[in-house]
Amino acid sequence: MAEKQIIARFAPSPTGYLHVGGARTALFSWLLARHAGGKFFLRIEDTDLARSTEQATVQLLDDLRWLGLHWDNAELIYQSKRTPIYNAIIERLIAEGRAYKAYETREELDTLRKEAEKQKRTFIYRRPQLTEEQIRGFESEGRPSVVRFAVPVKDYSYRDVVLDKEVTMPAGQVQDFVIRKADGMPTYHFAVVVDDAETGITHVLRGQEHLLNTINHIALQQALGYPQPIYGHLPVIENPDGSKMGKRDRDKMVRQRSQTWMKTFRKSVDELAAACGLSSARLVEWINDSKKQLDFSEQAVVMQAIGLPESDLPEIMVHDFRKKGYLREGFLNFLSLLGWNPGGDRERMSVDELVQLFSIEGIGKSSAKFDRAKLLAFNTDTAASMPAEKLVGSLRSYLAVNPGSPLNHASDADLRKIIEMKRGFRTLRELDETTRLFFIADADIQYDPAAIEKVLKKNDGFAILGDIHGILVDVADWSAAELEKRIEEFCQQKQLQLGKVAQPIRVAISGTTVSPSIFQSMEFLGRDRTLKRIEQCLALGSKAN
RNA sequence: GGCCCCAUCGUCUAGAGGCCUAGGACACGGCCCUUUCACGGCCGCGACGCGGGUUCGAAUCCCGCUGGGGUCACCA
């Protein structure tokens with residue numbers, strides 16, 4: 001019998017930007033498929049009409065493309081567009097008596113659950129024995145209903161390939177779960193089983209939160225006669241404090257800060273709602289229920305209203321890392337090591353090497369904390385090992401999500417130059433910030449008062465700068481080498497250390513104490529702009545005196 | 001709380017009974033390089049959660065405890 005081709009998938013729900021956990025799930029599934037020469041499918045699980053947005057889907061795809069995790073299905077699958085297919089199967093199950101309508105309201109279920117909790121027993125939902133009359137009654141009063149799957153009561157188990165262990169659920173714990181919601185949409189549990197089967201998925205790698213859900217899925221597969229894919233549940237990625245790193249953390253932070261804001265300024269939720277232009281009902285619901293989340297645009301207006309800057313939020317979105325100037329190659333390498341390793345001391349790997357080395361056996365069982373310092377180190381190494389040509393492309397991609405950067409005006413040739421000039425940089429953002437002095441107008445240089453004080457007002461900084469200006473106007477060959485030669489001569493003559501001269505020039509042309517090599521910087525700026533900046537800086541000195 | 005999963009330096013981990021005086025990477029400390037910021041080089045600090053077994057021998061196997069996490073939705 002021929003080996004079956006591996007078909008893996010990533011099935012996110014579009015409720016916001018792609019977060020680190022999701023990205024790792026996508027990466028592992030993608031690696032699994034690519035390693036085996038199989039297929040990798042992408043499916044949009046948007047059965048939650050209230051939380052799913054078109055914008056989130058666009059963002060998700062954009063992040064996945066940036067990471068280079070390309071999918072093989074030409075047509076994207078949207079679950080929301082497949083309701084007739086799900087309904088046909090659900091109707092069949094109902095007709096066969098293997099699924100049924102349930103009429104309890106959320107409140108009634110809540111009460112039942114609380115009662116069970118009080119009696120310290122687990123609430124298990126099993127099919128209630130309704131009479132024909134009761135059902136007619138519910139229907140005629142127009143009671144909304146859900147459809148539940150009548151899970152055959154027996155022991156279930158499956159082998160988890162990540163834990164390398166049997167996961168079991170005894171008969172006493174199975175319960176009838178909802179497969180179609182009152183709004184007519186299938187639940188995740190139902191749609192996922194149907195779609196995985198229909199697209200021939202052979203391997204499912206997903207977060208550990210699904211460990212027990214899988215039992216439900218298996219019960220459904222058995223009822224529908226579907227094959228059972230191989231399941232592996234990935235360990236959780238944690239924040240540095242040990243809590244789960246997920247999209248909820250951001251929301252949690254925004255909620256907390258909103259509460260402090262209301263306390264500090266003695267404002268009500270209504271006033272907060274008014275301040276950010278959201279309905280107060282929506283906001284009240286969100287503030288009081290930690291399970292509710294704002295979508296991205298709502299989050300943004302609330303943050304603005306309470307003055308919570310983006311930079312205060314923990315970076316957990318792939319988009320944030322892209323925006324902060326991380327390279328996809330280093331990010332992927334770092335991400336891959338969160339819960340996986342090829343064995344031995346191997347750590348730095350290209351994407352191709354990851355594909356080559358990946359295996360399910362290499363996935364760990366314990367949770368991992370997300371260490372930004374290590375990510376930074378990976379990024380630095382990745383940048384150092386990339387050819388300038390390729391980095392120009394990465395930089396363009398970075399600039400696309402940082403439209404405010406002056407580097408957007410630079411030519412590819414100039415970007416190349418600054419990349420070589422700043423070799424050793426840690427992030428593209430750092431490269432951006434330390435080289436933007438080349439791409440802004442001379443008049444727009446912001447002189448940092450602390451730099452002026454420390455470098456120019458002390459140690460005869462202004463005087464030295466004046467002398468240097470006198471020398472520079474006479475330099476005919478405006479090259480880094482020639483400039484270096486002339487300034488070294490000056491240092492010799494005056495018995496000065498190079499630093500005493502270089503720093504004043506640096507502040508004059510950049511406004512700060514940090515810039516690329518001073519000689520290369522002057523060459524890049526050119527004679528006129530360099531002299532102009534020194535002059536405008538000297539003017540600052542005479543004004544101050 | 002019930003059920004479930006996990007457990008090696010601060011962090012990510014190597015380790016599948018003797019190769020372990022426990023290896024690597026990041027972080028941290030020191031030194032060197034240096035016109036700033038970085039980069040780079042060298043050195044150092046630093047862990048098998050605890051208690052019982054099994055074995056000639058345990059980080060590795062078993063049990064208990066402890067700790068951490070997940071999950072208990074008409075969210076995925």
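All figures in this text were calculated on a predicted structure; none of them were measured in a lab.
Aromatic ring centres of A:Y188 and A:H210 lie closer together than 6.0 Å. Proximity of the aromatic rings of A:H189 and A:H217 is defined here by a centroid distance below 6.0 angstrom, and this criterion is met. For A:F524 and A:F519, the ring centers sit 6.0 Å or farther from each other.
By the 30° and 60° cut-offs, the orientation of the rings of A:Y231 relative to A:H233 is parallel.
Between A:P12 and A:A373, it is A:A373 whose nearest contact on RNA chain B lies nearer the 5' terminus. Each of A:T122 and A:K422 has a nearest nucleotide on RNA chain B; the 5'-most of these lies closest to A:T122.
A:N213 comes within contact range of at least one nucleobase, with a heavy-atom separation under 4.0 Å. Using a 4.0 Å heavy-atom distance criterion, A:E104 is classed as a base contact. If you check every strand for non-hydrogen atoms under 4.0 Å, A:H233 touches nothing. Within the nucleic acid shown, A:V146 comes within 4.0 Å of at least one base atom, counting heavy atoms only. Across all strands shown, A:R348 has heavy atoms under 4.0 Å from sugar-phosphate atoms exclusively, and none from any base. Residue A:E117 is out of contact with every strand shown, counting any heavy-atom pair closer than 4.0 Å. In this structure, A:T513 reaches the bases: a heavy-atom distance under 4.0 Å links it to at least one base atom across the strands shown. Note on A:N333: nothing from the nucleic acid sits closer than 4.0 angstrom, heavy atoms only.
A salt bridge does not link A:D195 with A:R9: every distance from a Lys NZ or Arg NE/NH1/NH2 to an Asp or Glu carboxylate oxygen is 4.0 Å or more. Of the charged side-chain nitrogens involved, none lies within less than 4.0 Å of a carboxylate oxygen, so that A:R106 and A:D110 do not count as a salt-bridged pair. Salt bridge present: A:K390 and A:E329 bring a charged side-chain N and a carboxylate O closer than 4.0 Å.
In this structure, A:D448 places its CG atom 18 Å from P of B:U36, rounding to the nearest Å. One can place CD of A:Q175 at 18 Å from P of B:G2, the figure rounded to the nearest angstrom. A:N216 has its CG atom 13 Å from the P atom of B:A76, to the nearest Å. The distance between atom CG of A:D164 and atom P of B:C61, rounded to the nearest whole Å, is 12 Å. Per the geometry, CZ belonging to A:R206 stands 13 Å off P belonging to B:U71, to the nearest Å. Across the protein-nucleic acid pair, A:D381 atom CG and B:C26 atom C1' stand 10 Å apart, rounded to whole Å. Distance, A:I44 CD1 to B:C75 P: 19 Å, rounded to whole Å. In this entry the distance linking CG of A:L376 with C1' of B:A25 reads 15 Å, nearest Å.
Annotation: B:C74 and B:G69 have their P atoms spaced 26 Å apart (nearest Å). Look at the C1' atom in both B:C26 and B:C62: the space between them is 35 Å, to the nearest Å. Nucleotides B:C9 and B:G24 are separated by 16 Å at their P atoms, to the nearest Å. A distance of about 25 Å separates the P atoms of B:U8 and B:C3, rounded to the whole Å. Rounded to whole Å, the C1' atom of B:A58 lies 12 Å from the corresponding atom of B:G53. As rounded to the nearest Å, B:G67 and B:G51 have C1' atoms that lie 15 Å from one another. To the nearest whole angstrom, the two C1' atoms, one in B:A76 and one in B:G49, are 35 Å apart.
In this structure, the ring pair (Phe, Tyr, Trp, His ring centres under 6.0 Å) partners of A:Y326, at least two apart in sequence or on a different chain, are A:F321. When the ring pair (Phe, Tyr, Trp, His ring centres under 6.0 Å) test is applied to A:F358, the partners found at least two apart in sequence or on another chain are A:F28, A:W340.
Of the side-chain N and O atoms in A:T47, one or more sit less than 4.0 angstrom from OP1 or OP2 of B:A76. The side chain of A:R426 places an N or O atom within less than 4.0 Å of a non-bridging phosphate oxygen (OP1 or OP2) of B:C39. Distances shown here put a side-chain N or O of A:K181 below 4.0 Å from the OP1 or OP2 atom of B:C75. The phosphate of B:G23 (OP1 or OP2) has no side-chain N or O of A:R346 nearer than 4.0 angstrom. For A:R423, no side-chain nitrogen or oxygen approaches OP1 or OP2 of B:A38 to under 4.0 Å. Dashed line: the shortest gap from a side-chain N or O of A:R148 to OP1 or OP2 of B:C74 is under 4.0 Å.
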Would you tabulate the nitrogen or oxygen pairs shorter than 3.5 Å linking the protein to nucleotides 29-35 of chain B?
residue	atom	partner	partner atom	Å
B:U35	O2	A:R506	NH1	3.2
B:U35	O2	A:R506	NH2	2.9
B:U35	O4	A:S517	OG	3.4

Output a table of donor-acceptor pairs, distance under 3.5 Å, between side-chain atoms of residues 492-515 of chain A and any protein atom two or more places apart or on a different chain; print 'none' if there are none.
residue	atom	partner	partner atom	Å
A:Q495	NE2	A:Q492	O	3.3
A:Q503	OE1	A:R506	NH1	2.6
A:R506	NE	A:S515	OG	2.9
A:R506	NH2	A:P516	O	3.3
A:S510	OG	A:R506	O	2.8
A:S510	OG	A:T512	N	3.1
A:S510	OG	A:T512	O	2.9
A:S510	OG	A:T512	OG1	3.3
A:T512	OG1	A:V514	N	3.2
A:T512	OG1	A:V514	O	3.0

Protein-proximity profile, nucleotides 3-19 of chain B, B/S/- by nucleotide at the 4.0 Å heavy-atom cutoff, equals SSSSS---SBSS-----
In B/S/- notation (B base, S sugar-phosphate only, - none; protein heavy atoms under 4.0 Å), nucleotides 62-67 of chain B written 5' to 3' is ------
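The closest side-chain heavy-atom distance from A:I89 to A:Y86 is not below 4.5 Å.
Within the cation-pi definition used here (under 6.0 Å to the ring centroid, within 45° of the axis), A:R148 qualifies as a partner of A:Y125. Figure legend: A:R348 and A:F378 shown as a cation-pi pair, the cationic atom lying under 6.0 angstrom from the six-membered ring centre and within 45 degrees of its axis.
In terms of modelled atom types and a separation under 3.5 Å, the side chain of A:R51 and the main chain of A:T15 share no donor-acceptor contact.
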